[in-house]
*Asks:* 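Below is a structure I'd like to ask you about.
All heavy atoms count here, side chains included; hydrogens, waters and symmetry mates do not. Quantities reported herein were computed from a predicted structural model and do not represent experimental measurements. Residue numbers count from 1 along this sequence.
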Amino acid sequence: MEHDTDRATGVTLGARETRATVHDGRAHDLLWVAERVPSVARLFLDRIAATPSTEAFRFPSARGWESVTWQQVGDRVVRLAAGLVALGIEPEERVALASSTRYEWVLIDFSVLCAGAATTTVYPTTNARDIAFIIANSGSRIVVAEDQGQVDKVLAHRADLPEVEHVVIIDGVGDGDFVITLGQLEILGEQLLRESPDVIERRVAAIRPDSLASIIYTSGTTGRPKGVRLPHRAWTYTAAAIDAVHILDSDDLNYLWLPLAHAFGKVMLALPLFVGYTTVIDGRVDRIVENLAAVHPTFMAAAPRIFEKAHARVHAAMAEEGALKRRVFGWAIGVGITASKKREAGQRPSRSLSLQLGIADLLVLSKIRKRFGGRMRFFVSAAAPLNHEIARWFDAIGIPMLEGYGLTETAAASFINRPNAYRFGTVGLPFLGTEVEIAEDGEILVRSPGVMTGYHDLPEATAEALDRDGWLHTGDIGSIDDDGFLRITDRKKDLFKTSQGKYVAPSAISAAFKAICPYASEMIVVGAGRPYCVALVGLDADAVMGWAGDNGLAGKSFAEIARHVSTRKLIGSYVDMLNEQLNRWERIRKFAVLDRELSIASGDFTPSLKAKRNVILKNSADAVERLYTDAR
């Protein structure tokens with residue numbers, strides 16, 4: 001096991017000691033850094049002052065990739081923030097932002113914070129009824145909408161939103177009264193700045209670490225979503241804690257596609273304020289691979305589904321090659337996996353293995369890396385379980401996969417594997433300043449400055465999640481090994497017991513299946529109170545349609561392919577492979593292939609690509625019952 005050396009102090013800590021708590025001296029130093037910068041807004045203005053002419057963001061436009069410096073970003077943000085002040089926004093009042101991930105999202109979020117207000121994040125896929133609930137529940141006075149479609153959702157429930165005074169539209173035209181454009185907001189700001197040039201500096205100076213910065217609503221897979229209240233200290237601490245791991249510097253280039261309405265995406269806006277690197281931003285999921293090859297980033301964070309699809313596509317493409325190429329590919333990956341296991345164990349590869357790895361890299365591995373831009377130093381995976389075989393595969397091709405863990409309630413980041421201290425199948429070590437305990441029932445408890453202050457207007461839910469000693473009850477089940485690495489078993493509410501009294505962790509089984517089956521987008525494992533486990537399998541449209549075209553099913557619809565006996569046989573072969581890895585009581589006795597494509601739009605996945613287990617089960621209840629009642 002390698003050691004983690006602090007670059008500021010030169011102190012070397014063993015892995016066990018890296019399990020820092022707030023009593024650790026290094027943790028105190030970290031907290032001092034976070035407290036010294038009392039707000040994200042101050043951090044933003046300090047970054048502009050430190051590196052005004054450095055590239056801050058790069059984003060797609062009609063002219064291709066457009067680049068802006070920190071000073072250019074700052075100039076627009078100050079004008080827009082002043083515009084919000086001109087509209088009457090007061091400190092800690094909320095501004096709702098309903099938009100996809102794009103450069104303007106960044107401008108608005110920083111503008112809200114620099115005005116001393118708080119951002120209520122809204123996924124653009126949210127329906128009108130739920131958007132109205134979030135806006136009303138958060139008490140948002142202004143709504144920023146990406147386009148007319150988002151504006152119409154607000155207008156449909158305007159009578160239910162008496163506190164909303166204006167809607168600002170990013171792409172579109174205003175009505176001269178209730179709806180104004182982003183340009184008009186900027187003009188209002190310019191007018192105020194002429195009268196009061198220091199208005200934003202005064203607003204920023206008044207922000208304290210515990211001032212409200214964000215309300216992020218949970219995805220609400222059951223019941224109404226809860227608004228997580230995150231103060232400025234949560235974001236400044238989290239950014240400082242990630243920076244303290246020393247895996248990033250100002251020369252890095254981040255590719256950011258994550259939903260910025262999600263905590264995982266939003267922390268990626270606070271982090272460059274500490275580190276100073278450049279961010280390429282484009283929220284179009286279908287352009288990720290194409291864009292990686294074009295912009296050559298050095299790191300990217302994503303949910304496991306993105307990596308599962310990339311892994312599956314590489315293997316599907318190789319399956320179409322000749323026998324010789326397939327053998328060379330398999331040999332090269334095997335060599336990479338052997339080298340990966342040596343690295344994980346802290347061992348140097350032998351001379352023979354090094355020679356083989358060089359040949360494997362020349363013939364295969366380097367070509368795979370070029371698909372991801374050729375400069376990728378590592379990927380970060382979080383938001384859902386990642387199968388350790390997928391992580392191993394990426395490490396084998398030369399792109400380490402740093403799996404981490406956190407919740408919206410912890411400002412996204414609590415644990416992460418390090419390049420020099422990692423263990424596949426775990427979510428790594430805690431960040432400095434983060435404490436962790438495992439409760440008697442196996443639930444993971446976390447305490448850190450990144451933890452929320454509570455759920456908005458939900459005192460009972462807050463008391464249930466946060467105990468008197470400040471421990472957040474995460475709802476996840478896990479264990480910590482002797483070196484401090486955290487392993488997540490499953491969600492507490494998803495873990496179930498069969499009628500035979502055996503516990504089953506469905507998320508782990510699902511992750512294992514998606515790692516071996518390139519045609520699956522999801523597997524929902526069922527078996528609570530039942531004699532055995534069954535599963536619903538959702539198909540990946542791109543992968544299965546390609547397979548269908550090569551197997552006599554060209555021209556058939558998705559539903560027809562899903563119901564075809566050949567498809568069932570195909571999926572069944574992978575279920576058999578899965579069962580070989582499982583305990584007897586975990587094995588999938590029967591399965592059904594869903595004849596519709598699971599998607600965010602249909603409510604099956606959250607915008608961060610986590611499966612909504614309860615929604616899928618509710619919509620497919622009859623299929624589940626048939627698996628238990630049919631004789632076959």
*Asks:* Is any side-chain heavy atom of L539 closer than 4.5 Å to a side-chain heavy atom of V544?
*Replies:*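 When only atoms from C-beta onward are counted, V544 and L539 do touch, with a gap below 4.5 Å.
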*Asks:* Looking just at side-chain N and O atoms, do W257 and T101 make a donor-acceptor pair shorter than 3.5 Å?
*Replies:*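 Not at all, the side chains of W257 and T101 share no donor-acceptor pair under 3.5 Å.
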*Asks:* Would you mind reporting whether H262 and I216 have side-chain heavy atoms less than 4.5 Å apart?
*Replies:*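 No, side chains not in contact.
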*Asks:* State whether the side chain of T238 and the backbone N or O of W235 hold a donor-acceptor pair below 3.5 Å, judged by distance alone.
*Replies:*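 No.
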*Asks:* Find out whether V267 and I242 are in side-chain contact, i.e. whether some heavy atom of one side chain is under 4.5 Å from a heavy atom of the other.
*Replies:*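 Answer yes - side chains close enough.
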*Asks:* Is any side-chain heavy atom of L97 closer than 4.5 Å to a side-chain heavy atom of T121?
*Replies:*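 Sidechains of T121 and L97: no contact.
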*Asks:* Any side-chain donor-acceptor pair under 3.5 Å between S67 and E55?
*Replies:*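 There is such a pair (donor and acceptor under 3.5 Å, judged by atom type) between the side chains of S67 and E55.
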*Asks:* Are P272 and F44 packed together at the side-chain level, in the sense that at least one heavy-atom pair is separated by less than 4.5 angstrom?
*Replies:*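 No. Closest side-chain heavy atoms not under 4.5 Å.
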*Asks:* Compute whether any side-chain donor of one residue and acceptor of the other, for S521 and D540, lie under 3.5 angstrom apart.
*Replies:*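 Checked: S521/D540 side chains show no N/O donor-acceptor pair below 3.5 Å.
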*Asks:* Any side-chain heavy atom of F424 within less than 4.5 Å of one from Y422?
*Replies:*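 Side-chain contact under 4.5 Å: yes.
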*Asks:* Between R287 and E290, does any NZ, NE, NH1 or NH2 come within less than 4.0 Å of an OD or OE carboxylate oxygen?
*Replies:*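 Result for this pair is yes, salt bridge flagged.
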*Asks:* Taking the side chain as every heavy atom from C-beta outward, state whether V275 and D252 have any atom pair closer than 4.5 Å.
*Replies:*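 A side-chain contact is absent here, since even the closest heavy-atom pair is not under 4.5 Å.
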*Asks:* Can you tell me which residue among L256, L253, V68 is in a side chain to side chain contact (heavy atoms under 4.5 Å, CB included) with R58?
*Replies:*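 The residue from L256, L253, V68 that satisfies side chain to side chain contact (heavy atoms under 4.5 Å, CB included) with R58 turns out to be L253.
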*Asks:* Any chance you could lay out the side-chain contact (heavy atoms from CB on, under 4.5 Å) test for R371 and V314, step after step, and finish with the verdict?
*Replies:* CA-CA 9 Å; R371 289 173 175 245; V314 171; 4.2 Å; yes
*Asks:* Where is the tightest heavy-atom contact between I281 and P60, given as atom of each residue plus distance?
*Replies:*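 Closest heavy-atom pair between I281 and P60: O-CD, 3.3 Å.
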*Asks:* Does either side chain, that of S599 or that of S602, offer a donor lying less than 3.5 Å from an acceptor on the other one?
*Replies:*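 Side-chain D/A pair, S599 to S602: present.
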*Asks:* Identify which one of L386, D395, N417 satisfies the side chain to side chain contact (heavy atoms under 4.5 Å, CB included) criterion when paired with M401.
*Replies:*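 Exactly one option meets the side chain to side chain contact (heavy atoms under 4.5 Å, CB included) with M401, and it is L386.
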*Asks:* Where do D542 and K309 come nearest, in terms of heavy atoms and distance?
*Replies:*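 Taking every non-hydrogen atom into account, OD2-NZ, 4.2 Å.
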*Asks:* I'd like to know if D481 pairs up with R487 as an ion pair, taking the criterion as any Lys NZ or Arg NE/NH1/NH2 lying under 4.0 Å from an Asp or Glu carboxylate oxygen.
*Replies:*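 No, this pair does not count.
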*Asks:* Among R613, K514, R305, which residue satisfies the salt bridge (Lys or Arg N to Asp or Glu O under 4.0 Å) criterion with E522?
*Replies:*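 It is K514; the other options fail the test.
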*Asks:* To check you understand the geometry: which heavy-atom pair defines the closest contact between Y255 and M300, and what is its length?
*Replies:*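 So the minimum-distance heavy-atom pair works out to O-CG, 3.3 Å.
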*Asks:* Does the side chain of H315 pick up a donor-acceptor pair with the side chain of W393 at under 3.5 Å?
*Replies:*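 Short answer, yes.
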*Asks:* Do T567 and R563 meet the criterion of a side-chain donor-acceptor pair at a distance under 3.5 Å?
*Replies:*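 No, no side-chain donor-acceptor pair sits under 3.5 Å.
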*Asks:* Give me the atom names and distance for the closest heavy-atom approach of A512 to Q581.
*Replies:*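 In terms of heavy atoms, the two residues are closest at CB-OE1, 4.1 Å.
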*Asks:* Say you draw a straight line from CD1 of I397 to CZ of R369; how long is it, rounded to the nearest 0.5 Å?
*Replies:*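 Rounded to the nearest 0.5 Å, the CD1-CZ separation comes to 7.5 Å.
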*Asks:* Using only heavy-atom distances, determine whether the side chains of S340 and R392 contain a donor-acceptor pair under 3.5 Å.
*Replies:*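 R392 and S340 do have a side-chain donor-acceptor pair below 3.5 Å.
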*Asks:* Apply side-chain contact (heavy atoms from CB on, under 4.5 Å) to residues W65 and V280 and explain how you reach the verdict.
*Replies:* CA-CA 9 Å; W65 289 103; V280 177; 3.6 Å; yes
*Asks:* How far does CE of M577 sit from SG of C517, to the nearest 0.5 angstrom?
*Replies:*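 Here the interatomic distance stands at 9.0 Å.
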*Asks:* Measure the spacing between CG of L486 and OG of S479 and express it to the nearest 0.5 Å.
*Replies:*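 So the gap between those two atoms works out to 7.0 Å.
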*Asks:* Do side-chain atoms of T51 reach the backbone of R47 as a donor and acceptor pair under 3.5 angstrom?
*Replies:*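 Present.
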*Asks:* In terms of side-chain heavy atoms, does E146 have a donor or acceptor partner in S100 at a distance below 3.5 Å?
*Replies:*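 Their side chains do contain a donor-acceptor pair, which is all the 3.5 Å distance test asks for.
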*Asks:* Kindly compute the distance separating CG (L43) from CZ (F110), expressed to the nearest 0.5 Å.
*Replies:*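 CZ of F110 is found 8.5 Å from CG of L43.
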*Asks:* F379 versus L402: any side-chain heavy-atom pair under 4.5 Å?
*Replies:*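 In short, these two side chains do not touch, never coming nearer than 4.5 Å.
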*Asks:* To the nearest 0.5 Å, what is the distance between CG (N387) and CD1 (I516)?
*Replies:*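 Answer rounded to 0.5 Å: 8.5 Å.
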*Asks:* Any chance you could lay out the side-chain contact (heavy atoms from CB on, under 4.5 Å) test for K370 and I368, step after step, and finish with the verdict?
*Replies:* CA-CA 5 Å; K370 284 184 179 179; I368 300 176; over 6 Å; no
*Asks:* Check R102 with D282, please: is the shortest side-chain N to carboxylate O separation under 4.0 Å?
*Replies:*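 No, D282 and R102 are not salt-bridged.
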*Asks:* Give me the atom names and distance for the closest heavy-atom approach of S53 to T69.
*Replies:*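 Minimum heavy-atom separation between S53 and T69: O-CG2, 3.5 Å.
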*Asks:* Flag this pair as yes if the NZ/CZ of R377 is under 6.0 angstrom from the six-membered ring centre of F299 and inside a 45 degree cone about the axis; otherwise no.
*Replies:*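 Pair R377/F299 does not count as cation-pi.
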*Asks:* Is the F394 to F378 ring centre distance short of 6.0 Å?
*Replies:*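 Here the rings of F378 and F394 have centres that are no less than 6.0 Å from each other.
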*Asks:* Side chains of T54 and Y277 only: does a donor on one sit below 3.5 Å from an acceptor on the other?
*Replies:*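 Side-chain D/A pair, T54 to Y277: absent.
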*Asks:* Are the aromatic rings of F513 and Y574 close, with centres under 6.0 Å apart?
*Replies:*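 For F513 and Y574, the ring centres are not under 6.0 Å apart.
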*Asks:* Between F431 and A241, which heavy-atom pair has the shortest distance, and what is it?
*Replies:*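 Heavy atoms only, the tightest pair is CD2-O, 3.5 Å.
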*Asks:* Please determine whether a side-chain nitrogen of the Lys or Arg among E560 and K556 lies less than 4.0 Å from a carboxylate oxygen of the Asp or Glu.
*Replies:*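 Answer for the salt bridge query: no.
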*Asks:* Any chance you could lay out the side chain to side chain donor-acceptor pair (under 3.5 Å) test for Y237 and T434, step after step, and finish with the verdict?
*Replies:* CA-CA 10 Å; Y237 159 75; T434 291; 2.7 Å; yes
*Asks:* Determine whether Q150 and D147 satisfy the following criterion, side-chain contact (heavy atoms from CB on, under 4.5 Å), listing intermediate values before the conclusion.
*Replies:* CA-CA 6 Å; Q150 300 298 329; D147 51 28; 3.5 Å; yes
*Asks:* Kindly assign one of parallel, tilted or perpendicular to the pair F57 and Y103, based on the angle between their ring planes and the thresholds 30° and 60°.
*Replies:*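 Tilted: the ring planes of F57 and Y103 meet at 30° to 60°.
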*Asks:* Please round to the nearest 0.5 Å and tell me the distance separating atom CD1 of I509 and atom CZ of R587.
*Replies:*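 Atom-to-atom, I509:CD1 and R587:CZ are 11.5 Å apart.
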